[in-house]
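To start, the structure under review is shown below, and the notes come after it.
Sequential numbering from 1 along the given sequence is applied to the chain's residues.
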Amino acid sequence: MNPVIVTIDGPSGAGKSTITKQLAAELLFTYLDTGAMYRAVGLKIHRTGTNLDDRNGLQKLLDTIDLRLVPDGDGTRVLLNNEDVSEAIRTPEMSMIASRVSADKLVREKLTLLQRNVGQKGSIVAEGRDMGTVVFPKANHKFFLDASPEERARRRQKQLAEQGQEVDYKETLEQIIKRDKDDSSRALSPLKPAEDAIIIDSSEMTIDEVVDFMVKYIQR
Ligand code: DC
């Protein structure tokens, strides 16, 4: 039987990670966090001081990168050359760096290949920005998860506080608006719903309500 592909795209803070993890657990599918992959590549580029204008250097970095996502409970650990960078990639600084490197053609080509490989191995729920539009255009079920920027900033602030990072609400909101603008206006794989995606606004919905809706939709 062919693997079943479910895609969940949408802006940051719309609840994608929590919802994708929960949905994957309910369906017994693999959870694919593609944002974590962009973050890990961003971390490597940042640490090595690679300039995105140095195309040969960047290509070499991408050819030799050892990036692995290892299932861990309902989530994933991210291993970069065997180092667990799961926490290091989650800082506000890394969010901005990941957004910047994700506009690069070589980076997107490399990660698109890695993501499709995972999708060939078994059924997945994949979260990101271009899952339904570019990486898995023939996915069996596509969702686009949205929420107001204010609600997303509140959620992001709470999530970071739970990890022990105190951030300012106004600054978080400004970063979310900037990141949305950058992610949606870039030339390559911009953030937008696939034409055949179901759009869900989660501003007024609980996580369980969204997941229930998705499960019913998939099993209908
Ligand atoms: O979902 P996230 O916040 O962890 O993603 C980090 C950055 O990576 C985000 O700014 C956009 C980018 N990204 C992307 O361009 N394409 C994806 N499929 C996933 C993430």
Side-chain angles (χ1 to χ4, degrees), residues 3-39 69 71-76 78 86 89-90 95 98-99 102 115 118-119 122-163 167 169 172-173 175-177 179-180 183-184 189-220:
V4 176
I5 311 275
V6 181
T7 61
I8 304 185
D9 289 306
S12 56
K16 279 197 311 297
S17 297
T18 317
I19 286 164
T20 310
K21 269 182 223 162
Q22 206 164 306
L23 182 65
E26 285 203 24
L27 298 172
L28 300 177
F29 289 6
T30 297
Y31 162 56
L32 177 62
D33 178 0
T34 63
M37 300 171 91
Y38 283 95
R39 287 170 181 272
L69 300 186
D72 175 42
D74 282 349
T76 314
V78 184
S86 313
I89 59 171
R90 299 283 166 205
S95 297
S99 179
S102 71
Q115 291 155 12
V118 180
S123 297
I124 57 169
V125 187
E127 69 155 290
R129 305 294 188 287
D130 61 341
M131 294 298 101
T133 49
V134 176
V135 181
F136 300 111
K138 294 190 179 144
N140 306 73
H141 309 283
K142 299 182 185 179
F143 298 101
F144 189 89
L145 199 57
D146 211 347
S148 68
E150 291 76 15
E151 178 59 25
R152 289 188 284 129
R154 266 192 295 278
R155 289 179 189 173
R156 177 65 86 194
Q157 191 187 31
K158 188 163 163 265
Q159 187 187 29
L160 287 169
E162 281 163 9
Q163 295 166 11
V167 293
Y169 170 78
T172 308
L173 179 62
Q175 279 176 1
I176 279 186
I177 291 171
R179 207 139 70 90
D180 281 357
D183 291 346
S184 317
S189 309
L191 169 66
K192 65 168 186 200
E195 274 177 22
D196 48 351
I198 305 292
I199 299 177
I200 302 173
D201 186 327
S202 73
S203 306
E204 308 281 329
M205 289 172 85
T206 65
I207 301 286
D208 286 346
E209 283 170 345
V210 176
V211 175
D212 279 355
F213 173 85
M214 289 175 166
V215 171
K216 287 207 179 86
Y217 180 83
I218 290 168
Q219 295 175 342
R220 81 197 182 284

Do [X] and [Y] touch side chain to side chain, with heavy atoms closer than 4.5 Å?
X: Val78; Y: Leu69; result: yes
X: Leu191; Y: Phe144; result: yes
X: Ser95; Y: Arg179; result: yes
X: Thr34; Y: Val135; result: no
X: Ile19; Y: Phe143; result: no
X: Leu32; Y: Met37; result: yes

With a 3.5 Å distance limit and no angle check, can you tell me whether [X] reaches the backbone of [Y] through a side-chain donor-acceptor pair?
X: Thr76; Y: Pro71; result: no
X: Ser202; Y: Ala14; result: yes
X: Thr133; Y: Ala194; result: no
X: Arg220; Y: Tyr217; result: yes
X: Glu209; Y: Thr206; result: yes
X: Lys192; Y: Ser184; result: no
X: Lys16; Y: Ile8; result: no

Hey, what do you get for [atom1] ([X]) to [atom2] ([Y]), rounding to the nearest 0.5 Å?
X: Ile177; Y: Thr172; atom1: CD1; atom2: OG1; value: 11.0 Å
X: Met131; Y: Ser189; atom1: CE; atom2: OG; value: 8.5 Å
X: Asp33; Y: Thr20; atom1: CG; atom2: OG1; value: 8.0 Å
X: Met214; Y: Glu26; atom1: CE; atom2: CD; value: 11.5 Å

- Please report the C-alpha distance between Gln157 and Arg154 in whole Å, then the side-chain angles of each, then the deciding distance to 0.1 Å, and finally whether the side chain to side chain donor-acceptor pair (under 3.5 Å) criterion is met. CA-CA 5 Å; Gln157 191 187 31; Arg154 266 192 295 278; over 6 Å; no

For the student: nearest non-hydrogen atoms of [X] and [Y], plus distance:
X: Ala139; Y: Thr7; result: CB-CG2, 3.7 Å
X: Asn140; Y: Pro3; result: OD1-O, 4.1 Å
X: Gly119; Y: Ile5; result: O-CD1, 3.6 Å
X: Phe29; Y: Ile124; result: CD2-O, 3.8 Å
X: Arg152; Y: Ala147; result: NE-O, 2.9 Å
X: Ile176; Y: Ser12; result: CG1-OG, 4.3 Å

- Item | Any pair counted as salt bridge (Lys or Arg N to Asp or Glu O under 4.0 Å), so long as it reaches residues 128-146, sequence neighbours left out |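 Sorted result for residues 128-146: Arg108-Asp130, Arg129-Asp183, Lys142-Asp196.
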
- Query: How about Asp201 and Ser203: does a side-chain donor come under 3.5 Å of a side-chain acceptor?
  - Reply: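 Their side chains do contain a donor-acceptor pair, which is all the 3.5 Å distance test asks for.
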
- Message: Counting only heavy atoms from other residues, nucleotides and ligands, does the tally under 6.0 Å from CD of Glu204 exceed 12?
- Response: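 At most 12 heavy atoms, drawn from other residues, nucleotides or ligands, come within 6.0 Å of this atom.
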
- Message: side chain to side chain contact (heavy atoms under 4.5 Å, CB included), that's the test. Do Leu23 and Ile218 meet it? Break it down for me.
- Response: CA-CA 10 Å; Leu23 182 65; Ile218 290 168; 4.2 Å; yes

